[in-house]
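Below is one structure, written out as structure tokens; the observations come after it.
Within every chain, numbering begins at 1; the chains are lettered A, B, ... in the order of the sequence lines, protein sequences first and strands thereafter.
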There are 2 protein chains.
Amino acid sequence: MPIFVFPTICDYMKEYVNQPHYLVAVDCIVFGFDDGQLKILLVKRGLEPEINKWSLMGGFVGAEETPDEAANRVLKKLTGLEGVYLELLNIYGEPDRDPIERTLSVGYFALIDIHKYETQLIDNYHAEWFPINEIPKLIFDHNRMVAEARKKLKFKASLHPILFEMLPKKFTIPQLQTLFEQVNDTKMDTGNFSRKVTSTGLLIRLEEKDKSNSKKGAYYFKLNKKSYAESFNDLLSL
Amino acid sequence: MPIFVFPTICDYMKEYVNQPHYLVAVDCIVFGFDDGQLKILLVKRGLEPEINKWSLMGGFVGAEETPDEAANRVLKKLTGLEGVYLELLNIYGEPDRDPIERTLSVGYFALIDIHKYETQLIDNYHAEWFPINEIPKLIFDHNRMVAEARKKLKFKASLHPILFEMLPKKFTIPQLQTLFEQVNDTKMDTGNFSRKVTSTGLLIRLEEKDKSNSKKGAYYFKLNKKSYAESFNDLLSL
DNA sequence: TTTATTAATTGTCACTATTACAATTAATAA
DNA sequence: TTATTAATTGTAATAGTGACAATTAATAAA
């Protein structure tokens with residue numbers, strides 16, 4: 001008599017049927033950069049429970065879509081933007097994280113150019129940009145999500161040129177440095193930063209200058225899309 | 001008349017109820033190192049559909065556990081090991097990835113010391129270690145999971161000292177180098193590798209030597225747990 | 001006992017990257 | 001014309017990397 005008995009098809013089907021089923025949601029931590037500050041986008045919840053509390057933007061994963069697609073859909077609906085930089089952050093699955101019913105949430109972090117945001121939507125969805133150091137108390141485990149997203153952004157940005165996702169097409173090196181310093185919570189030597197960043201071949205200097213911050217003015221740069229793509233190929237992976 | 005009408009509590013509850021519910025599973029890509037080869041652990045499926053096909057080890061997320069806990073449970077059951085190195089890989093949520101019923105799978109990759117594996121379980125679960133370059137056709141999207149896990153391991157190992165998770169307590173530098181080369185699919189200068197790895201302060205040299213591969217013999221080393229922990233604190237994040 | 005052998009380890013040196021900080025530049029406004 | 005100031009470039013000491021040569025410590029053959 002065999003010690004291990006293979007289940008039959010019926011056993012197999014039963015195994016599926018007997019398993020609990022859960023709601024699956026996505027939540028997006030959306031980063032933007034404006035006015036020399038790193039910010040994230042929050043929405044004021046218009047539903048019970050936790051009505052009028054701030055939360056991340058999220059939604060349920062529909063029957064015909066992957067979690068990735070759900071996250072893109074939510075972002076499109078709440079920011080008007082498509083094709084934004086989006087990356088899996090973590091999965092949040094504490095059995096009681098949602099008081100109504102067990103819901104697993106797939107957390108994504110998104111980087112957007114804050115100036116492309118459709119400001120009309122701010123009103124529609126009671127949304128607001130919060131400086132990263134002034135995040136209020138959020139619902140459920142959303143504060144934990146934000147904390148993990150910050151860590152991931154910092155780590156990621158040290159290896160991949162993703163910060164450009166948050167900058168406009170034309171940007172200056174001091175601007176890039178400020179964003180970098182915000183993300184990494186540090187200060188850098190301006191000379192060394194400038195040289196390092198230009199030596200990568202990732203940037204193309206334009207003729208125009210931004211004179212809003214100094215008399216000399218800082219040259220505008222744009223991304224070298226070609227080498228940007230190549231460095232992504234080198235580093236991609238995750 | 002307001003343009004945007006807040007849903008009532010009833011709307012809110014209905015929103016939950018109307019949403020589809022899914023099965024949620026975990027799948028583990030288990031790496032080990034033996035005989036100079038990087039390997040992964042596969043099980044022969046004893047159930048329809050896809051009976052007798054090779055697959056990753058997995059299971060459903062139970063009602064009282066997080067996906068992390070489910071992955072640990074599955075690993076404990078199928079390897080006998082607890083507290084193994086385990087990290088989220090990705091979430092796999094194509095609506096039709098499982099032909100029986102929609103199932104979202106949370107992929108984890110695990111690193112274990114292959115010699116601690118309870119070999120009895122190999123028989124119980126029809127499991128087998130496969131060299132990384134000889135992985136057979138797997139069920140569902142499991143080959144994709146393996147490919148992504150390899151990429152992640154390579155990337156991860158370039159930043160974190162995680163390879164030690166796959167080595168025994170006592171190991172030699174040539175051993176470590178072979179593992180490193182397998183993971184990165186490359187060759188390194190032995191001298192430079194040795195110096196670099198010892199200069200980190202991560203290793204403590206023992207008196208004993210391994211003379212199985214050379215007449216001179218290679219010193220055994222063990223991990224400096226203290227600086228190992230510290231470097232983890234520095235780099236953690238993900 | 002001596003010598004040849006071989007993987008493991010250490011030495012060397014040219015080359016590149018990093019860092020701190022000093023000097024210069026290009027505009028503006030007094 | 002000159003003072004001012006952020007932006008940019010210069011410089012030099014230091015540290016890290018990589019290729020390759022030399023040495024070492026054991027074993028086994030002569």
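- B/E65 pairs by the side chain to side chain donor-acceptor pair (under 3.5 Å) definition with B/R73, not counting sequence neighbours.
- Shown here are the salt bridge (Lys or Arg N to Asp or Glu O under 4.0 Å) partners of A/D113, two or more places apart in sequence or in another chain: there are none.
- Without hydrogens or angle criteria, A/D189 side chain to A/G191 main chain gives a donor-acceptor distance under 3.5 Å.
- With sequence neighbours left out, A/E148 forms a side chain to side chain donor-acceptor pair (under 3.5 Å) with A/N90, A/Y92, A/R144.
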Where do N or O atoms of nucleotides 24-29 of chain C meet protein N or O atoms at under 3.5 Å, pair by pair?
{"residue": "C/dT25", "atom": "O2", "partner": "A/K216", "partner atom": "NZ", "Å": "3.0"}

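- For B/E82, the salt bridge (Lys or Arg N to Asp or Glu O under 4.0 Å) partners at least two apart in sequence or on another chain are B/K76.
- Stretches of at least 3 consecutive Watson-Crick or G-U wobble pairs, with each checked distance under 3.5 Å, appear in DNA chain C as C:1-30 with D:1-30.
- Using a distance-only test at 3.5 Å, with no hydrogens or angles considered, a donor-acceptor pair links the side chain of B/Y108 to the main chain of B/D68.
- In this structure, B/K39 is not positioned above the aromatic face of B/F130 in the sense of NZ or CZ being under 6.0 Å from the six-membered ring centre and within 45° of the axis.
- Non-hydrogen atoms lying under 4.0 Å from DNA chain C are contributed by nothing in residues 199-206 of chain B.
- Between the A/N224 side chain and the A/L203 main chain, no donor and acceptor come within less than 3.5 Å of each other.
- Here A/K53 pairs with A/E50 under the salt bridge (Lys or Arg N to Asp or Glu O under 4.0 Å) rule; sequence neighbours left out.
- The ring-ring contact (aromatic ring centres under 6.0 Å, His included) analysis of residues 181-206 of chain A, with sequence neighbours excluded, yields the pairs A/F180-A/F193.
- Remark: A/D185 CG is loosely packed, at most 12 non-hydrogen atoms of other residues, nucleotides or ligands lying under 6.0 Å away.
- Between atom CG of residue A/L42 and atom CD1 of residue A/I40 there is a gap of 4.5 Å, rounded to the nearest 0.5 Å.
- Within a heavy-atom distance below 4.0 Å of DNA chain D, the residues of residues 182-197 of chain A found are A/T190, A/G191, A/R195.
- Between the B/K209 side chain and the B/K216 main chain, a donor and an acceptor come within less than 3.5 Å of each other.
- At distances below 3.5 Å, not a single donor-acceptor pair connects side-chain atoms of A/N184 with backbone N or O atoms of A/T186.
- Residues from residues 168-179 of chain A that place a heavy atom under 4.0 Å from any atom of DNA chain D, listed by number: A/P174.
- Under the salt bridge (Lys or Arg N to Asp or Glu O under 4.0 Å) criterion, B/K225 pairs with no residue at all, not counting sequence neighbours.
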